Novice: 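Okay, here's the structure, questions in a sec.
All heavy atoms count here, side chains included; hydrogens, waters and symmetry mates do not. If you read the sequence from its start, that first residue is 1, and numbering goes on from there. A quick note: this is a predicted structure, and the numbers were derived from the prediction, not measured.
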Amino acid sequence: MVTPLQYGDPPHVGPFVLQARLGTAPAGLVYLGQAPDGRVVTVAVLSSGAALDAAARDRFVTAIKDAQSSAIRDTQGRTGVRGWGASLVDRVRGRVPPGTPPVLAMQDGPAPWVAVPYVPNGPGAERFLEPVPVSGTLIGQRHGPDFAHYWLGDRTPALPAPPAPPPPPLGTRRSVVLASTLLATLVLALLLVTWMLLFRGEEDSEPPRPLPNTQFVPTPPPEPATPEPQQPTPGPSGSGDGSESPWPDDLFGGRGPI
């Protein structure tokens, strides 16, 4: 059943443009795509969990390479019996299942995929996903308890790593010389400012002068002064008893009032 591409599906794999999903398998996904020459192809991609399993990845790549070797032997067998016999032996031994489609392109590595021509109601790229999961022993028969791969149920396609970023652009000779000159000028200015702050300031500054010593001059103690005796004021009669008369001496002949 053909379904649209879902979130996480790659828009293209290698030179092939993916258009829709054809189905899912226990080991991966199958897409319907278009080749650069316009041919319709089916592309099988391992799931991300199966791609991390080295044994599963090796079984997938080995099935693809066996199909390519069988196709080469079939081509050579048309001109000789030896090549046809070798291809027949491979098919009898089960290395190449009958009805395996021809491989148009493939890629091994951490995210392998294979592309084959699309044949309506015919075998497609899903044939290469069938030998990836195994059960029981390596001969394919069940002996002992069953087991399941840890990556069963993973429906995320294994995508190749994104390409490395391009290298940074290289500067021209003129720009390199100009940047070096500017950098040297800035470093020289920084060193000059640092020298002026650290050493020039110490040379110009005078050492601090010590304060003069404090001199204490003792003052003589105060001497008490002896008060002078108060002199009596002579009166109008000249008796000198200190009594004063409110009347002048020349009034009434010096006799005072009567």
Side-chain angles (χ1 to χ4, degrees), residues 4-21 27-65 67-69 72 103-117 125 128-129 132 150-151 154-211:
L5 295 178
Q6 301 180 12
Y7 178 79
D9 291 336
H12 56 82
V13 173
F16 304 100
V17 178
L18 303 185
Q19 298 175 342
R21 273 193 184 189
L29 300 94
V30 183
Y31 297 96
L32 181 67
Q34 186 176 12
D37 56 0
R39 287 186 298 176
V40 182
V41 297
T42 59
V43 182
V45 180
L46 282 180
S47 63
S48 58
L52 294 177
D53 188 351
R57 188 172 63 248
D58 182 68
R59 288 191 292 270
F60 180 67
V61 174
T62 301
I64 300 172
K65 292 182 178 180
Q68 288 179 329
S69 301
I72 294 175
V103 177
L104 294 179
M106 61 91 60
Q107 179 180 355
D108 53 3
W113 54 267
V114 61
V116 302
F128 300 101
L129 296 174
V132 176
Y150 66 90
W151 39 262
D154 188 1
R155 293 296 180 264
T156 304
L159 303 178
L170 300 178
T172 60
R173 182 181 180 87
R174 178 182 177 184
S175 61
V176 172
V177 172
L178 183 62
S180 302
T181 305
L182 180 61
L183 180 61
T185 304
L186 293 177
V187 172
L188 183 60
L190 181 60
L191 293 178
L192 182 61
V193 171
T194 305
W195 179 80
M196 292 181 62
L197 293 177
L198 296 180
F199 301 99
R200 190 66 181 273
E202 296 180 358
E203 295 178 359
D204 295 343
S205 61
E206 297 180 357
R209 297 180 179 180
L211 297 177

Novice: Taking all non-hydrogen atoms of both residues, which atom of A158 and which atom of V45 are closest, and how far apart?
Specialist: O-CG1, 3.5 Å
Novice: Supply the atom-to-atom distance L52 CG to S47 OG, rounded to the nearest 0.5 angstrom.
Specialist: 8.5 Å
Novice: Test your reading of the model: is there a side-chain donor-acceptor pair from T42 to the backbone of A125, 3.5 Å cut-off?
Specialist: yes
Novice: Within this structure, what is the CZ-CG distance for the pair R173 and L178, rounded to the nearest 0.5 Å?
Specialist: 13.5 Å
Novice: So L32 and L18, do their side chains get closer than 4.5 Å, heavy atoms only?
Specialist: no
Novice: May I ask you to test the S180-L183 pair for a side-chain heavy-atom distance under 4.5 Å?
Specialist: no
Novice: Between D9 and Q6, is any pair of side-chain heavy atoms under 4.5 Å apart?
Specialist: yes
Novice: Is the shortest distance from a Lys or Arg side-chain nitrogen in K65 or D108 to a carboxylate oxygen in the other one below 4.0 Å?
Specialist: yes
Novice: Using a 4.5 Å cut-off on heavy atoms from C-beta on, say whether the side chain of P157 contacts that of P10.
Specialist: yes
Novice: Any idea which heavy atoms bring D37 and R39 closest together, and the distance?
Specialist: OD2-NE, 3.0 Å
Novice: Any side-chain heavy atom of Y31 sitting closer than 4.5 Å to one from F16?
Specialist: no
Novice: Kindly give the heavy-atom pair with the smallest separation between V41 and Q34, and that separation in Å.
Specialist: CG2-N, 4.0 Å
Novice: Can you tell if the side chain of V43 reaches within under 4.5 Å of the side chain of V114, non-hydrogen atoms only?
Specialist: no
Novice: Enter the distance from I64:CD1 to W113:CH2 here, rounded to the nearest 0.5 Å.
Specialist: 9.0 Å
Novice: So which heavy atom on A27 is nearest to which on L46, and how close?
Specialist: O-CD2, 3.4 Å
Novice: Might you point out which heavy atoms bring A44 and F60 nearest each other, and give the distance in Å?
Specialist: O-CZ, 4.0 Å
Novice: Are P11 and V17 packed together at the side-chain level, in the sense that at least one heavy-atom pair is separated by less than 4.5 angstrom?
Specialist: no
Novice: Would you say the side-chain atoms of R57 pair up with the backbone N or O of A51, donor to acceptor, closer than 3.5 Å?
Specialist: yes
Novice: Mind checking what makes salt bridge (charged side-chain N to carboxylate O under 4.0 Å, His left out) contact with R155, not counting sequence neighbours?
Specialist: none
Novice: So which heavy atom on T156 is nearest to which on L29, and how close?
Specialist: C-CD1, 4.3 Å
Novice: Is there a donor-acceptor contact under 3.5 Å from the side chain of D154 to the main chain of W151?
Specialist: no
